[in-house]
Q: 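Could you have a look at this structure, given as structure tokens, before my questions?
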Amino acid sequence: MVKVRFSPAPTGSLHIGGARTALFNWLYARHHAADGGVFVLRIEDTDVARSREEWVVGIQDTLRWLGLDWDEGPYLQSERFDLYLDAAARLLAQGDAYECYCTEDEVKERNDAAVAAGRPPGYDGKCRGLTADERDALAAEGRPRTIRFRTPDEGLSSFTDLIRGEVRVEWSLIHDFVIVRSTGQPIFFLANAVDDLDMGITHVIRGEDLIDSTHRVLALRHALVGGSEVADDPKFAHLPLIVDAESRAKLSKRHGAVALEDFVTAGYLPEALTNYLALLGWAPADDGHEVMSASELVAEFDLDRVTHAAAGFDRDKLDWLNGEWIRRISLDDLVARVLLMAQTRFGADIDVEVVAQAVAIAQERAATLVQIVDQMAFLFVDDDEFAIADESWEKVVGTDRIAEILTAVIEHVESCDWTVDALALQPVTEALGIKFRKAAPAVYAAIEGFHRGLPLFDSMELLGRDRTLARLRAAKQRLG
RNA sequence: GCCCCCAUCGUCUAGUGGCCUAGGACGCCGCCCUUUCAAGGCGGUAACGGGGAUUCGAACUCCCCUGGGGGCACCA
């Protein structure tokens, strides 16, 4: 039996790290389809103040875009508060939890004092031994009340991580923690423990940043179950974190895109993203083949090949993989994906046939969808709005004998029969004694607006003779 | 400060005591192809953090150091 869950907090859009966690869960579930292989989506929105409906929706959209379909859910923890509060009441009755009347500020103050005195921070257990009368008195003062879980004072907490092996820590280092806020809302640890139990989760696959919280969740689970039914504990697998390849620091906006949505708009394919993300912290047994489809990944994925060290996110390799995937999907498929972007950018009325032809040429050379759209832009810009990019114009002006070249090319295009053969410009510049490779950037820029882009023949054909001529003349005129 | 985790080319990684004069991929460099640039083909550069120990033999096992990361909330 295999049942996993991806449980994001809807406090922002799905980012690279979350997507990788979701992917590994999904891969694991699908790989173990024969054993049930259920993938659950659970939204952990217990922090009502920070959670937002739009993120709940956005995360699902992104998961769908990635092709990660779930079998159960989405469950919203905000709709299951009763369950958690019942559990808290039981823990209270069992004596595994107690009511705490310390305010947030007081706890913080005592914490700071402890640190200043060289003692470790953490709740000091002040309210642990409160009598019923003392509690009533504190409540009568109108003090806020939280519920804290009572952790053992000594001994060792340990669990076996599928990736890291035995993980142990001293209980004395884990202080009593809040499981129900003063607002009456449950906290992550509680909801997490209750739900994993209730939903019968068998494997918890998540980021390494959560490894230390595992002890607390497990203690809660055991208290809830009554005794330590360790045999029924889910198996844990903590994935290495994804960091910025350059700085080795946690991935953040400073290092470029981190939200999956940004990669969508930047023109990456879900096939490439899942492929790349899978390779971050995992490698197939035969690491000679890296371009892998989702189904290949599913077939080969397993937790025992997950690496241990933090993985650096390398945009260059993603770009390469994306190009590989652009070349692998069918032309029709690629056209469909590019069309939407192109229409948004150039207008809904653009000629689909022209788009299709441009895509066909770009497919074998581009790295991203945006690059493809960029490269066809010259076809959809009105001639009176067409302008050569500054960067390219500088190159043009810097070209030797540029006026001569443009003049010769214009004359040639005017007099040729506008057939593929007649479009050959190489002899034109060579008649001037100039190698075409020297003259090329200027001609490209004049016609495509950029000194790098689609092949010249095709571009001229797609543009048509009149517009080609108009642009060449405009470039010559701009030279003065 | 305390606790935990981690450590092979710039990056992702293969490697589980001899097959390693350490393999692949991205990047980078060079060449080829070429109506610019790309794409593609071919080739090259480049790593076991340091010190002990175990062993006939260590990238692989153990210890220490160093370095990096994570955690210690009424966030998740």
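The sequence lines fix the lettering, A, B, ..., with proteins before strands; numbering per chain opens at 1. Since the structure is predicted, the reported quantities are computational estimates derived from the model, not experimental observations.
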Q: Counting only side-chain N and O atoms of A:Arg181, is one of them less than 4.0 Å from OP1 or OP2 of B:rA76?
A: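 Result: yes.
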
Q: With rounding to whole Å, what would you report as the distance between B:rA14 and B:rA25 at their C1' atoms?
A: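 To the nearest whole Å, 11 Å.
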
Q: State whether the distance check finds a donor on one side and an acceptor on the other, under 3.5 Å, for side chain A:Glu290 versus base B:rG24.
A: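 Counting by modelled atom types and ignoring angles, a donor-acceptor contact under 3.5 Å is found here.
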
Q: Describe the nucleic acid contact of A:Asp287 in one word from base, sugar-phosphate, nothing, applying a heavy-atom distance below 4.0 Å.
A: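 Base contact.
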
Q: Taking only side-chain nitrogens and oxygens of A:Ser182, does any of them come within less than 4.0 Å of OP1 or OP2 of B:rC74?
A: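 Negative; the distance criterion is not met.
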
Q: Compile the donor-acceptor pairs under 3.5 Å between side chains in residues 423-434 of chain A and protein atoms, sequence neighbours left out, one pair per line.
A:
| from | atom 1 | to | atom 2 | distance (Å) |
| --- | --- | --- | --- | --- |
| A:Thr429 | OG1 | A:Gln426 | O | 3.2 |
| A:Thr429 | OG1 | A:Ile434 | O | 3.1 |

Q: What's the gap between B:rC33 and B:rG43 when it is taken at their C1' atoms, as a whole Å value?
A: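 Straight-line distance between the two C1' atoms is 15 Å.
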
Q: Measure the distance from CG on A:Leu279 to P on B:rU11 and round it to the nearest whole Å.
A: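 In whole Å, B:rU11 P and A:Leu279 CG are 16 Å from each other.
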
Q: For A:Thr46 and B:rA76, is the shortest distance between a side-chain N/O and OP1 or OP2 below 4.0 Å?
A: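 Result: yes.
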
Q: Need one value for A:Ser7: base, sugar-phosphate or nothing, where a base atom within 4.0 Å counts as base even if backbone is also close, heavy atoms only.
A: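 Touches nothing.
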
Q: Is the phosphate of B:rC4 approached by A:Arg216 (side-chain N or O, under 4.0 Å from OP1 or OP2)?
A: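 No.
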
Q: Determine whether a donor-acceptor pair (N or O, by modelled atom type, separation under 3.5 Å) exists between the side chain of A:Arg206 and the backbone of A:His238.
A: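 No: the side chain of A:Arg206 does not pair with the backbone of A:His238.
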
Q: Assign A:Phe189 to base, sugar-phosphate, or nothing according to its heavy-atom contacts below 4.0 angstrom with the strands shown.
A: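 Base contact.
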
Q: If the sugar-phosphate is the primed atoms plus P, OP1 and OP2 and the base is the rest, what is the B/S/- string for nucleotides 38-50 of chain B, using protein heavy atoms under 4.0 Å?
A: BSS----------

Q: So, OP1 or OP2 of B:rC74: does either fall under 4.0 Å of a side-chain N or O from A:Arg148?
A: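 Yes, A:Arg148 has a side-chain N/O under 4.0 Å of OP1/OP2 on B:rC74.
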
